[in-house]
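Worksheet for the structure shown next.
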Amino acid sequence: MEEITLANKVADCEAEVVNNPIPQKYQNLQTAPSEYSAYLTSKARRKLLFTKASFFEHGEWDPSGKLELENIVGEGAFGKVYKGRHLETNETVAIKVLDDKTNTEKEINNEIQLLKKYSKHENIASFFGVYLQPMGNLWIAMEYCGGGTVKDIMENTITGTLPEHWIAYIIREVLKALKYLHNNRVVHNDVKGHNIALTEDASVRLIDFGISQKLKGLRGACKDPVGTPHWLAPEVWTCSEDDTESYGCKCDLWSLGITAIEMAEGRDPLANLDGLLAGIKRCDPPTLRIPSKWSTEFNSFLGLCLKKDPKVTHSAKQLLKHPFVRNLENVKMVRAEMQAVICRVRAAKSKKVDVKPKEQPEKISTGDFEKAMAELKSFQRGNKSDANAENLNAEAKKDATDSKELASQAEIDSANAEEPASVDKKEVSDALSNDEEKVTECNIETSDATEPVSQAKDSSDEELFFDALERLSISDFTPKTEITATAANTGAQAIKILEAVSESKEGAKRDGKAKEVIYNQMALFYFVRFALFLSEFLIWFSETIKK
Ligand SMILES: Nc1ncnc2c1ncn2[C@@H]1O[C@H](COP(=O)(O)OP(=O)(O)OP(=O)(O)O)[C@@H](O)[C@H]1O
(Lines give C-alpha, C1' and ligand atoms only; values in the text may rest on other atoms or scores of the structure.)
Protein backbone atom coordinates (compact mmCIF):
# COMPACT_ATOMS: atom_id res chain seq x y z
CA MET A 1 0.00 0.00 0.00
CA GLU A 2 1.24 3.46 -0.88
CA GLU A 3 2.44 5.40 2.13
CA ILE A 4 0.38 8.52 2.85
CA THR A 5 3.02 11.20 3.12
CA LEU A 6 2.59 14.92 3.04
CA ALA A 7 4.15 15.07 -0.45
CA ASN A 8 1.71 12.42 -1.71
CA LYS A 9 -1.23 14.30 -0.30
CA VAL A 10 -0.14 17.56 -1.89
CA ALA A 11 0.44 15.92 -5.28
CA ASP A 12 -2.94 14.26 -4.95
CA CYS A 13 -4.62 17.58 -4.26
CA GLU A 14 -2.92 19.32 -7.13
CA ALA A 15 -4.11 16.65 -9.56
CA GLU A 16 -7.68 16.88 -8.30
CA VAL A 17 -7.77 20.66 -8.35
CA VAL A 18 -7.18 20.65 -12.08
CA ASN A 19 -10.36 18.64 -12.77
CA ASN A 20 -12.74 19.32 -9.91
CA PRO A 21 -13.63 22.59 -8.21
CA ILE A 22 -13.94 20.84 -4.88
CA PRO A 23 -12.36 17.41 -4.67
CA GLN A 24 -14.63 14.60 -3.63
CA LYS A 25 -12.31 13.45 -0.91
CA TYR A 26 -12.61 16.79 0.88
CA GLN A 27 -16.40 16.74 1.06
CA ASN A 28 -16.09 16.03 4.76
CA LEU A 29 -14.78 19.58 5.08
CA GLN A 30 -17.37 22.28 5.00
CA THR A 31 -18.02 23.29 1.40
CA ALA A 32 -16.27 26.50 0.45
CA PRO A 33 -18.85 29.32 0.55
CA SER A 34 -19.98 30.73 -2.81
CA GLU A 35 -18.66 34.23 -2.12
CA TYR A 36 -15.18 32.83 -2.42
CA SER A 37 -15.77 31.27 -5.83
CA ALA A 38 -13.90 34.10 -7.56
CA TYR A 39 -11.06 33.55 -5.24
CA LEU A 40 -11.17 29.82 -5.84
CA THR A 41 -10.93 30.24 -9.60
CA SER A 42 -7.32 31.22 -9.24
CA LYS A 43 -5.54 27.94 -9.69
CA ALA A 44 -2.61 29.00 -7.59
CA ARG A 45 -4.91 29.98 -4.74
CA ARG A 46 -6.87 26.77 -5.03
CA LYS A 47 -3.71 24.79 -4.87
CA LEU A 48 -2.70 26.63 -1.75
CA LEU A 49 -6.08 26.05 -0.13
CA PHE A 50 -6.20 22.36 -0.89
CA THR A 51 -2.60 21.86 0.05
CA LYS A 52 -3.32 23.39 3.39
CA ALA A 53 -6.64 21.61 3.69
CA SER A 54 -4.80 18.36 3.29
CA PHE A 55 -2.96 19.06 6.50
CA PHE A 56 -5.94 18.40 8.66
CA GLU A 57 -8.90 16.15 8.27
CA HIS A 58 -11.47 17.99 10.33
CA GLY A 59 -10.60 21.59 9.66
CA GLU A 60 -13.25 24.12 8.66
CA TRP A 61 -13.24 26.42 5.67
CA ASP A 62 -13.96 29.80 7.06
CA PRO A 63 -13.86 31.13 10.62
CA SER A 64 -16.07 34.18 9.97
CA GLY A 65 -19.37 33.80 11.80
CA LYS A 66 -17.74 31.22 14.05
CA LEU A 67 -14.82 33.02 15.60
CA GLU A 68 -14.30 36.67 16.34
CA LEU A 69 -10.89 38.20 17.03
CA GLU A 70 -10.54 40.63 19.93
CA ASN A 71 -7.12 41.88 21.08
CA ILE A 72 -3.59 40.55 20.56
CA VAL A 73 -2.28 38.70 23.61
CA GLY A 74 1.00 37.36 22.32
CA GLU A 75 3.29 37.00 19.40
CA GLY A 76 5.42 34.07 18.39
CA ALA A 77 7.67 32.99 15.59
CA PHE A 78 4.71 31.75 13.49
CA GLY A 79 2.24 34.57 13.93
CA LYS A 80 0.11 36.50 16.37
CA VAL A 81 -2.09 35.10 19.14
CA TYR A 82 -5.41 36.86 19.79
CA LYS A 83 -7.97 36.70 22.51
CA GLY A 84 -11.19 35.85 20.71
CA ARG A 85 -14.71 34.52 21.01
CA HIS A 86 -16.28 31.31 19.82
CA LEU A 87 -19.59 32.77 18.66
CA GLU A 88 -21.73 29.64 18.96
CA THR A 89 -20.80 28.87 22.55
CA ASN A 90 -19.80 32.42 23.52
CA GLU A 91 -16.63 30.97 25.01
CA THR A 92 -13.44 33.01 25.20
CA VAL A 93 -10.70 31.35 23.15
CA ALA A 94 -7.11 32.00 22.13
CA ILE A 95 -6.67 32.16 18.36
CA LYS A 96 -3.26 31.65 16.83
CA VAL A 97 -3.25 33.25 13.38
CA LEU A 98 -0.59 31.77 11.13
CA ASP A 99 -0.15 33.79 7.97
CA ASP A 100 0.34 32.04 4.63
CA LYS A 101 3.69 33.73 4.08
CA THR A 102 5.22 31.69 6.84
CA ASN A 103 7.00 28.80 5.26
CA THR A 104 6.57 26.42 8.17
CA GLU A 105 3.78 24.15 7.03
CA LYS A 106 5.43 21.08 8.46
CA GLU A 107 5.50 22.64 11.93
CA ILE A 108 1.93 23.91 11.59
CA ASN A 109 0.68 20.49 10.63
CA ASN A 110 2.65 18.97 13.47
CA GLU A 111 1.27 21.42 16.01
CA ILE A 112 -2.33 20.85 14.89
CA GLN A 113 -2.02 17.08 14.98
CA LEU A 114 -0.43 17.02 18.43
CA LEU A 115 -2.81 19.60 19.89
CA LYS A 116 -5.81 17.67 18.59
CA LYS A 117 -4.59 14.43 20.03
CA TYR A 118 -2.87 15.35 23.28
CA SER A 119 -4.47 18.51 24.62
CA LYS A 120 -7.12 16.79 26.71
CA HIS A 121 -4.93 16.82 29.81
CA GLU A 122 -5.86 19.36 32.51
CA ASN A 123 -2.41 21.00 32.33
CA ILE A 124 -2.36 21.45 28.55
CA ALA A 125 -4.27 24.25 26.79
CA SER A 126 -7.08 22.39 25.02
CA PHE A 127 -7.71 22.47 21.29
CA PHE A 128 -10.98 23.88 19.88
CA GLY A 129 -10.51 23.68 16.13
CA VAL A 130 -8.59 24.81 13.09
CA TYR A 131 -9.96 27.04 10.36
CA LEU A 132 -8.74 28.05 6.96
CA GLN A 133 -9.40 31.71 6.37
CA PRO A 134 -10.26 32.66 2.74
CA MET A 135 -7.06 34.65 2.26
CA GLY A 136 -4.99 31.64 3.19
CA ASN A 137 -4.36 32.22 6.92
CA LEU A 138 -4.79 29.34 9.32
CA TRP A 139 -6.54 30.02 12.60
CA ILE A 140 -5.92 27.61 15.46
CA ALA A 141 -8.47 28.06 18.26
CA MET A 142 -7.57 26.80 21.71
CA GLU A 143 -8.32 27.32 25.39
CA TYR A 144 -7.66 30.90 26.43
CA CYS A 145 -5.14 31.33 29.24
CA GLY A 146 -6.10 34.75 30.57
CA GLY A 147 -3.40 34.83 33.28
CA GLY A 148 -0.60 35.21 30.73
CA THR A 149 2.60 33.21 30.68
CA VAL A 150 5.01 32.61 33.55
CA LYS A 151 7.24 35.19 31.86
CA ASP A 152 4.40 37.74 32.03
CA ILE A 153 3.87 36.94 35.72
CA MET A 154 7.59 37.43 36.43
CA GLU A 155 7.55 40.79 34.66
CA ASN A 156 4.72 41.92 36.94
CA THR A 157 6.43 41.25 40.26
CA ILE A 158 8.75 43.84 41.82
CA THR A 159 11.81 41.57 41.75
CA GLY A 160 11.11 39.97 38.39
CA THR A 161 11.29 36.58 40.12
CA LEU A 162 8.85 34.19 41.80
CA PRO A 163 8.83 32.90 45.39
CA GLU A 164 9.78 29.27 45.98
CA HIS A 165 6.29 27.99 46.81
CA TRP A 166 4.93 29.44 43.53
CA ILE A 167 7.79 27.78 41.62
CA ALA A 168 7.06 24.44 43.30
CA TYR A 169 3.38 24.71 42.33
CA ILE A 170 4.08 25.64 38.68
CA ILE A 171 6.75 22.93 38.33
CA ARG A 172 4.41 20.30 39.80
CA GLU A 173 1.66 21.15 37.30
CA VAL A 174 4.04 21.14 34.33
CA LEU A 175 5.45 17.82 35.50
CA LYS A 176 1.91 16.36 35.37
CA ALA A 177 1.58 17.53 31.75
CA LEU A 178 5.02 16.13 30.88
CA LYS A 179 4.27 12.80 32.52
CA TYR A 180 1.17 12.52 30.31
CA LEU A 181 3.02 13.58 27.13
CA HIS A 182 6.01 11.32 27.78
CA ASN A 183 3.71 8.35 28.48
CA ASN A 184 2.35 9.01 24.98
CA ARG A 185 5.87 9.28 23.56
CA VAL A 186 5.54 12.98 22.84
CA VAL A 187 8.51 15.28 23.49
CA HIS A 188 7.47 18.90 24.01
CA ASN A 189 10.92 20.24 23.03
CA ASP A 190 10.36 23.82 24.13
CA VAL A 191 9.64 23.95 27.87
CA LYS A 192 10.39 27.49 29.16
CA GLY A 193 8.64 30.28 31.06
CA HIS A 194 7.33 31.73 27.78
CA ASN A 195 5.47 28.48 27.03
CA ILE A 196 3.86 27.92 30.43
CA ALA A 197 0.59 29.81 30.67
CA LEU A 198 -1.93 30.41 33.44
CA THR A 199 -5.68 30.68 33.39
CA GLU A 200 -7.36 33.52 35.26
CA ASP A 201 -7.78 31.31 38.33
CA ALA A 202 -4.05 30.41 38.26
CA SER A 203 -4.32 26.90 36.81
CA VAL A 204 -1.19 25.98 34.88
CA ARG A 205 -1.22 25.04 31.16
CA LEU A 206 1.62 23.98 28.88
CA ILE A 207 1.33 25.67 25.46
CA ASP A 208 3.08 25.73 22.06
CA PHE A 209 3.47 22.38 20.36
CA GLY A 210 5.10 24.01 17.33
CA ILE A 211 8.28 21.93 17.55
CA SER A 212 7.06 19.01 19.63
CA GLN A 213 7.79 15.54 18.32
CA LYS A 214 5.96 12.25 18.45
CA LEU A 215 8.39 9.39 18.89
CA LYS A 216 7.89 6.22 16.89
CA GLY A 217 7.33 3.29 19.20
CA LEU A 218 9.08 2.65 22.48
CA ARG A 219 12.54 2.87 20.97
CA GLY A 220 11.92 5.94 18.85
CA ALA A 221 14.16 8.94 19.39
CA CYS A 222 14.49 12.53 18.15
CA LYS A 223 17.19 13.43 15.67
CA ASP A 224 16.46 17.11 14.96
CA PRO A 225 18.16 19.47 17.40
CA VAL A 226 15.22 21.83 18.11
CA GLY A 227 14.30 24.10 21.01
CA THR A 228 15.40 27.39 22.55
CA PRO A 229 19.23 27.48 22.90
CA HIS A 230 19.59 28.41 26.59
CA TRP A 231 17.02 25.79 27.62
CA LEU A 232 18.43 22.99 25.43
CA ALA A 233 19.61 19.80 27.12
CA PRO A 234 23.24 18.72 26.48
CA GLU A 235 22.07 15.64 24.54
CA VAL A 236 20.17 17.91 22.10
CA TRP A 237 23.32 19.98 21.58
CA THR A 238 25.25 16.80 20.88
CA CYS A 239 22.77 15.96 18.09
CA SER A 240 23.55 19.24 16.39
CA GLU A 241 27.18 18.12 16.08
CA ASP A 242 26.82 14.43 15.47
CA ASP A 243 24.22 12.92 13.10
CA THR A 244 24.46 9.52 14.73
CA GLU A 245 23.26 10.83 18.11
CA SER A 246 19.65 11.05 19.20
CA TYR A 247 17.70 12.08 22.27
CA GLY A 248 14.37 11.39 23.98
CA CYS A 249 11.79 12.74 26.45
CA LYS A 250 14.35 13.50 29.19
CA CYS A 251 15.40 16.68 27.36
CA ASP A 252 12.14 18.28 28.60
CA LEU A 253 13.23 17.72 32.21
CA TRP A 254 16.52 19.54 31.67
CA SER A 255 14.53 22.45 30.17
CA LEU A 256 12.18 22.30 33.17
CA GLY A 257 15.16 22.61 35.55
CA ILE A 258 16.42 25.64 33.61
CA THR A 259 12.88 27.09 33.76
CA ALA A 260 12.81 26.63 37.56
CA ILE A 261 16.06 28.64 37.84
CA GLU A 262 14.63 31.19 35.40
CA MET A 263 11.64 31.68 37.74
CA ALA A 264 13.85 31.89 40.86
CA GLU A 265 16.46 34.29 39.47
CA GLY A 266 14.59 36.20 36.77
CA ARG A 267 16.71 34.88 33.91
CA ASP A 268 18.07 31.58 32.70
CA PRO A 269 21.37 30.48 34.27
CA LEU A 270 23.23 30.47 30.95
CA ALA A 271 22.23 34.01 30.01
CA ASN A 272 25.83 35.26 30.28
CA LEU A 273 27.59 32.21 28.90
CA ASP A 274 29.64 32.84 25.79
CA GLY A 275 30.06 29.99 23.33
CA LEU A 276 26.97 28.14 24.51
CA LEU A 277 27.70 24.74 23.03
CA ALA A 278 31.29 24.58 24.27
CA GLY A 279 30.22 26.01 27.63
CA ILE A 280 27.52 23.42 28.19
CA LYS A 281 29.91 20.59 27.38
CA ARG A 282 32.72 21.98 29.54
CA CYS A 283 30.85 23.22 32.61
CA ASP A 284 28.98 21.37 35.32
CA PRO A 285 25.20 21.55 35.07
CA PRO A 286 23.88 24.92 36.25
CA THR A 287 22.66 25.40 39.82
CA LEU A 288 21.00 28.25 41.71
CA ARG A 289 23.44 31.18 42.10
CA ILE A 290 23.04 31.32 45.91
CA PRO A 291 21.89 27.81 46.86
CA SER A 292 21.67 28.71 50.58
CA LYS A 293 18.86 31.18 49.78
CA TRP A 294 16.63 28.28 48.80
CA SER A 295 15.40 25.07 50.45
CA THR A 296 17.42 21.85 50.35
CA GLU A 297 14.48 20.26 48.51
CA PHE A 298 14.62 22.85 45.72
CA ASN A 299 18.39 22.44 45.27
CA SER A 300 18.11 18.65 45.29
CA PHE A 301 15.20 18.71 42.79
CA LEU A 302 17.26 20.78 40.34
CA GLY A 303 20.16 18.35 40.73
CA LEU A 304 17.89 15.53 39.48
CA CYS A 305 16.58 17.50 36.47
CA LEU A 306 19.92 18.92 35.37
CA LYS A 307 22.06 15.87 34.64
CA LYS A 308 24.47 15.87 31.75
CA ASP A 309 23.72 12.22 31.13
CA PRO A 310 20.00 11.82 30.33
CA LYS A 311 20.13 8.18 31.41
CA VAL A 312 20.43 9.32 35.03
CA THR A 313 18.03 12.25 34.76
CA HIS A 314 14.85 11.43 36.67
CA SER A 315 11.66 10.96 34.66
CA ALA A 316 8.58 13.20 35.13
CA LYS A 317 6.89 10.37 37.02
CA GLN A 318 9.84 10.05 39.43
CA LEU A 319 10.19 13.80 39.88
CA LEU A 320 6.52 14.10 40.87
CA LYS A 321 7.41 12.06 43.95
CA HIS A 322 10.19 14.45 44.99
CA PRO A 323 9.53 16.32 48.28
CA PHE A 324 9.97 19.70 46.51
CA VAL A 325 6.67 19.18 44.69
CA ARG A 326 5.08 16.40 46.73
CA ASN A 327 5.10 18.38 49.99
CA LEU A 328 3.47 21.44 48.53
CA GLU A 329 1.17 22.96 51.15
CA ASN A 330 -1.88 25.10 50.77
CA VAL A 331 -2.21 25.24 47.00
CA LYS A 332 -5.36 27.35 47.44
CA MET A 333 -3.30 30.06 49.12
CA VAL A 334 -0.58 29.91 46.41
CA ARG A 335 -3.19 30.32 43.70
CA ALA A 336 -4.87 33.20 45.49
CA GLU A 337 -1.50 34.97 45.78
CA MET A 338 -0.84 34.40 42.09
CA GLN A 339 -4.26 35.74 41.12
CA ALA A 340 -3.27 39.12 42.51
CA VAL A 341 -0.41 39.34 39.99
CA ILE A 342 -2.60 37.86 37.25
CA CYS A 343 -4.78 40.96 37.69
CA ARG A 344 -1.82 43.11 36.70
CA VAL A 345 -1.00 40.89 33.73
CA ARG A 346 -4.61 41.11 32.55
CA ALA A 347 -4.63 44.88 32.91
CA ALA A 348 -1.36 45.09 30.94
CA LYS A 349 -2.66 42.73 28.22
CA SER A 350 -5.93 44.59 27.83
CA LYS A 351 -3.88 47.67 26.91
CA LYS A 352 -2.25 45.92 23.94
CA VAL A 353 -2.96 47.22 20.44
CA ASP A 354 -6.29 45.95 19.25
CA VAL A 355 -7.41 44.31 16.04
CA LYS A 356 -9.68 47.29 15.48
CA PRO A 357 -7.96 50.03 17.51
CA LYS A 358 -10.49 52.75 16.67
CA GLU A 359 -13.46 50.76 17.88
CA GLN A 360 -11.85 49.80 21.15
CA PRO A 361 -13.21 50.99 24.47
CA GLU A 362 -10.86 53.63 25.78
CA LYS A 363 -9.35 53.64 29.19
CA ILE A 364 -11.33 56.73 30.16
CA SER A 365 -14.89 55.50 29.97
CA THR A 366 -17.55 57.72 28.41
CA GLY A 367 -19.28 57.71 31.79
CA ASP A 368 -16.19 59.12 33.51
CA PHE A 369 -15.76 61.70 30.81
CA GLU A 370 -19.39 62.82 30.95
CA LYS A 371 -19.24 62.99 34.73
CA ALA A 372 -16.17 65.23 34.50
CA MET A 373 -17.91 67.47 31.98
CA ALA A 374 -21.10 67.66 34.06
CA GLU A 375 -19.13 68.67 37.14
CA LEU A 376 -17.16 71.16 35.13
CA LYS A 377 -20.40 72.69 33.85
CA SER A 378 -22.05 72.84 37.24
CA PHE A 379 -18.94 74.44 38.67
CA GLN A 380 -18.95 77.03 35.92
CA ARG A 381 -22.63 77.78 36.44
CA GLY A 382 -22.03 78.52 40.09
CA ASN A 383 -18.94 80.65 39.72
CA LYS A 384 -18.69 82.36 36.41
CA SER A 385 -20.83 84.60 34.28
CA ASP A 386 -22.70 82.69 31.57
CA ALA A 387 -20.60 84.15 28.77
CA ASN A 388 -17.34 83.24 30.45
CA ALA A 389 -18.57 79.83 31.36
CA GLU A 390 -19.47 79.00 27.79
CA ASN A 391 -16.01 79.94 26.54
CA LEU A 392 -14.28 77.92 29.21
CA ASN A 393 -16.58 75.00 28.72
CA ALA A 394 -15.80 74.84 25.01
CA GLU A 395 -12.10 75.08 25.77
CA ALA A 396 -12.24 72.38 28.40
CA LYS A 397 -14.30 70.16 26.09
CA LYS A 398 -11.62 70.46 23.41
CA ASP A 399 -8.83 69.79 25.89
CA ALA A 400 -10.58 66.82 27.36
CA THR A 401 -11.27 65.37 23.90
CA ASP A 402 -7.58 65.75 23.10
CA SER A 403 -6.73 64.07 26.36
CA LYS A 404 -9.02 61.16 25.49
CA GLU A 405 -7.18 60.74 22.21
CA LEU A 406 -3.84 60.98 23.98
CA ALA A 407 -4.98 58.46 26.53
CA SER A 408 -5.92 56.04 23.79
CA GLN A 409 -2.54 56.67 22.09
CA ALA A 410 -0.78 56.15 25.41
CA GLU A 411 -2.57 52.81 25.83
CA ILE A 412 -1.01 51.66 22.57
CA ASP A 413 2.44 53.02 23.49
CA SER A 414 2.38 51.67 27.00
CA ALA A 415 1.67 48.06 25.98
CA ASN A 416 5.36 47.21 26.22
CA ALA A 417 6.42 49.87 28.68
CA GLU A 418 4.81 48.47 31.80
CA GLU A 419 6.82 48.93 34.98
CA PRO A 420 7.17 45.79 37.07
CA ALA A 421 4.88 46.04 40.05
CA SER A 422 4.96 44.53 43.49
CA VAL A 423 2.57 42.00 44.91
CA ASP A 424 0.29 44.21 46.92
CA LYS A 425 -0.90 42.80 50.26
CA LYS A 426 -4.35 44.21 49.74
CA GLU A 427 -4.62 42.53 46.36
CA VAL A 428 -3.61 39.23 47.92
CA SER A 429 -6.23 39.55 50.61
CA ASP A 430 -8.84 40.55 48.02
CA ALA A 431 -7.92 37.51 45.98
CA LEU A 432 -8.09 35.37 49.10
CA SER A 433 -11.47 36.70 50.08
CA ASN A 434 -12.72 35.88 46.59
CA ASP A 435 -11.21 32.44 47.12
CA GLU A 436 -12.51 30.15 44.37
CA GLU A 437 -14.07 32.98 42.43
CA LYS A 438 -12.35 34.68 39.54
CA VAL A 439 -10.71 37.97 40.40
CA THR A 440 -12.54 40.17 37.99
CA GLU A 441 -11.34 43.63 38.83
CA CYS A 442 -7.95 45.13 39.25
CA ASN A 443 -7.40 48.64 40.50
CA ILE A 444 -4.13 50.13 39.49
CA GLU A 445 -3.45 53.09 41.69
CA THR A 446 -2.07 56.21 40.11
CA SER A 447 0.07 58.40 42.28
CA ASP A 448 -0.82 61.34 40.06
CA ALA A 449 -4.47 61.16 41.02
CA THR A 450 -3.85 62.35 44.59
CA GLU A 451 -1.67 65.30 43.62
CA PRO A 452 -4.35 67.70 42.42
CA VAL A 453 -6.43 66.99 45.53
CA SER A 454 -3.63 67.99 47.89
CA GLN A 455 -2.91 71.08 45.84
CA ALA A 456 -6.55 71.94 45.81
CA LYS A 457 -6.66 72.28 49.59
CA ASP A 458 -4.90 75.70 49.79
CA SER A 459 -6.19 77.26 46.58
CA SER A 460 -9.18 79.42 45.83
CA ASP A 461 -12.00 78.08 43.65
CA GLU A 462 -10.95 80.30 40.84
CA GLU A 463 -7.31 79.18 40.97
CA LEU A 464 -8.38 75.55 41.13
CA PHE A 465 -10.64 75.94 38.16
CA PHE A 466 -7.92 77.44 36.01
CA ASP A 467 -5.46 74.88 37.32
CA ALA A 468 -7.84 72.13 36.19
CA LEU A 469 -8.10 73.59 32.72
CA GLU A 470 -4.36 74.13 32.52
CA ARG A 471 -3.67 70.53 33.48
CA LEU A 472 -6.03 69.28 30.82
CA SER A 473 -4.32 71.35 28.15
CA ILE A 474 -0.74 70.79 29.37
CA SER A 475 -1.15 67.07 28.71
CA ASP A 476 -1.23 67.98 25.02
CA PHE A 477 2.38 69.12 25.11
CA THR A 478 3.87 66.51 27.37
CA PRO A 479 6.20 64.07 25.56
CA LYS A 480 4.52 60.70 24.92
CA THR A 481 6.85 58.75 27.19
CA GLU A 482 5.93 60.90 30.16
CA ILE A 483 2.24 60.83 29.48
CA THR A 484 2.14 57.08 29.22
CA ALA A 485 0.84 57.01 32.76
CA THR A 486 -0.59 60.49 33.11
CA ALA A 487 -2.47 60.99 29.87
CA ALA A 488 -4.35 57.76 30.32
CA ASN A 489 -5.52 59.14 33.64
CA THR A 490 -6.28 62.66 32.54
CA GLY A 491 -10.02 62.01 32.54
CA ALA A 492 -9.78 60.55 36.02
CA GLN A 493 -7.59 63.48 37.07
CA ALA A 494 -10.12 65.93 35.73
CA ILE A 495 -12.72 64.28 37.93
CA LYS A 496 -10.36 64.40 40.92
CA ILE A 497 -9.55 68.04 40.30
CA LEU A 498 -13.20 68.88 40.02
CA GLU A 499 -13.97 66.87 43.12
CA ALA A 500 -11.27 68.89 44.85
CA VAL A 501 -12.84 72.05 43.52
CA SER A 502 -16.22 71.14 44.89
CA GLU A 503 -14.60 69.93 48.12
CA SER A 504 -12.92 73.30 48.40
CA LYS A 505 -16.23 75.02 47.68
CA GLU A 506 -17.74 73.09 50.54
CA GLY A 507 -14.80 74.17 52.69
CA ALA A 508 -15.36 77.77 51.70
CA LYS A 509 -19.02 77.44 52.69
CA ARG A 510 -17.97 76.05 56.06
CA ASP A 511 -15.46 78.92 56.45
CA GLY A 512 -18.21 81.44 55.67
CA LYS A 513 -20.41 79.95 58.35
CA ALA A 514 -17.56 80.07 60.89
CA LYS A 515 -16.88 83.71 60.03
CA GLU A 516 -20.57 84.53 60.55
CA VAL A 517 -20.48 82.97 64.02
CA ILE A 518 -17.28 84.88 64.88
CA TYR A 519 -18.80 88.17 63.70
CA ASN A 520 -21.92 87.51 65.73
CA GLN A 521 -19.86 86.77 68.81
CA MET A 522 -17.70 89.83 68.29
CA ALA A 523 -20.80 91.99 67.89
CA LEU A 524 -22.19 90.59 71.13
CA PHE A 525 -18.87 91.23 72.86
CA TYR A 526 -18.75 94.87 71.71
CA PHE A 527 -22.41 95.31 72.60
CA VAL A 528 -21.81 94.03 76.18
CA ARG A 529 -18.71 96.22 76.48
CA PHE A 530 -20.69 99.20 75.23
CA ALA A 531 -23.50 98.42 77.69
CA LEU A 532 -21.00 98.23 80.57
CA PHE A 533 -19.37 101.44 79.42
CA LEU A 534 -22.82 103.12 79.21
CA SER A 535 -23.87 101.93 82.66
CA GLU A 536 -20.55 103.14 84.16
CA PHE A 537 -21.03 106.45 82.37
CA LEU A 538 -24.58 106.78 83.73
CA ILE A 539 -23.45 105.98 87.27
CA TRP A 540 -20.66 108.55 86.97
CA PHE A 541 -23.05 111.09 85.47
CA SER A 542 -25.69 110.67 88.21
CA GLU A 543 -23.05 110.92 90.97
CA THR A 544 -21.65 114.08 89.42
CA ILE A 545 -25.13 115.64 89.32
CA LYS A 546 -25.76 114.70 92.97
CA LYS A 547 -22.57 116.50 93.99
N1 LIG B 1 -3.78 29.56 24.79
C2 LIG B 1 -3.27 30.78 24.98
N3 LIG B 1 -3.89 31.66 25.78
C4 LIG B 1 -3.38 32.90 25.97
N5 LIG B 1 -2.24 33.33 25.41
C6 LIG B 1 -1.57 32.50 24.60
C7 LIG B 1 -2.04 31.18 24.34
N8 LIG B 1 -1.18 30.60 23.49
C9 LIG B 1 -0.21 31.48 23.24
N10 LIG B 1 -0.42 32.63 23.90
C11 LIG B 1 0.42 33.85 23.87
O12 LIG B 1 1.04 33.98 22.61
C13 LIG B 1 2.47 33.86 22.72
C14 LIG B 1 3.02 33.12 21.53
O15 LIG B 1 2.40 31.85 21.47
P16 LIG B 1 3.19 30.54 21.04
O17 LIG B 1 4.39 30.41 21.95
O18 LIG B 1 2.28 29.40 20.98
O19 LIG B 1 3.62 30.99 19.59
P20 LIG B 1 4.90 30.55 18.78
O21 LIG B 1 4.80 31.21 17.45
O22 LIG B 1 5.01 29.09 18.80
O23 LIG B 1 6.02 31.24 19.66
P24 LIG B 1 7.52 30.83 19.90
O25 LIG B 1 7.89 29.83 18.91
O26 LIG B 1 8.23 32.14 19.75
O27 LIG B 1 7.55 30.30 21.32
C28 LIG B 1 2.69 33.17 24.06
O29 LIG B 1 3.93 33.46 24.63
C30 LIG B 1 1.54 33.73 24.88
O31 LIG B 1 1.86 35.04 25.37
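Counting starts at 1 for both ligands and their atoms, in listed order. Everything quoted here is computed from the prediction, not taken from an experiment. Below, all heavy atoms of this structure are taken into account, side chains as well, without hydrogens, waters or symmetry copies.
- Other residues, nucleotides and ligands place no more than 12 heavy atoms under 6.0 Å from the NZ atom of Lys179.
- Ion pairing of Glu265 with Arg289 is present here, as a side-chain N (NZ or NE/NH1/NH2) and a carboxylate O approach within less than 4.0 Å.
- In this structure the side chain of Val236 reaches within 4.5 angstrom of the side chain of Pro225, judged on heavy atoms.
- Closest non-hydrogen pair, Arg172 versus Val325, comes out as CD-O, 3.7 Å.
- Annotation: ligand 1 has protein neighbours Val73, Gly74, Glu75, Gly76, Ala77, Phe78, Val81, Ala94, Lys96, Met142, Glu143, Tyr144, Cys145, Thr149, His194, Asn195, Ile207, Asp208, Lys349, each with a heavy atom less than 4.0 angstrom from the ligand.
- Pairs engaging residues 204-214 under the salt bridge (Lys or Arg N to Asp or Glu O under 4.0 Å) rule: Lys96-Asp208, Glu143-Arg205 [sequence neighbours left out].
- Exactly one residue among Glu91, Glu70, Glu68 makes a salt bridge (charged side-chain N to carboxylate O under 4.0 Å, His left out) with Arg85. That residue is Glu70.
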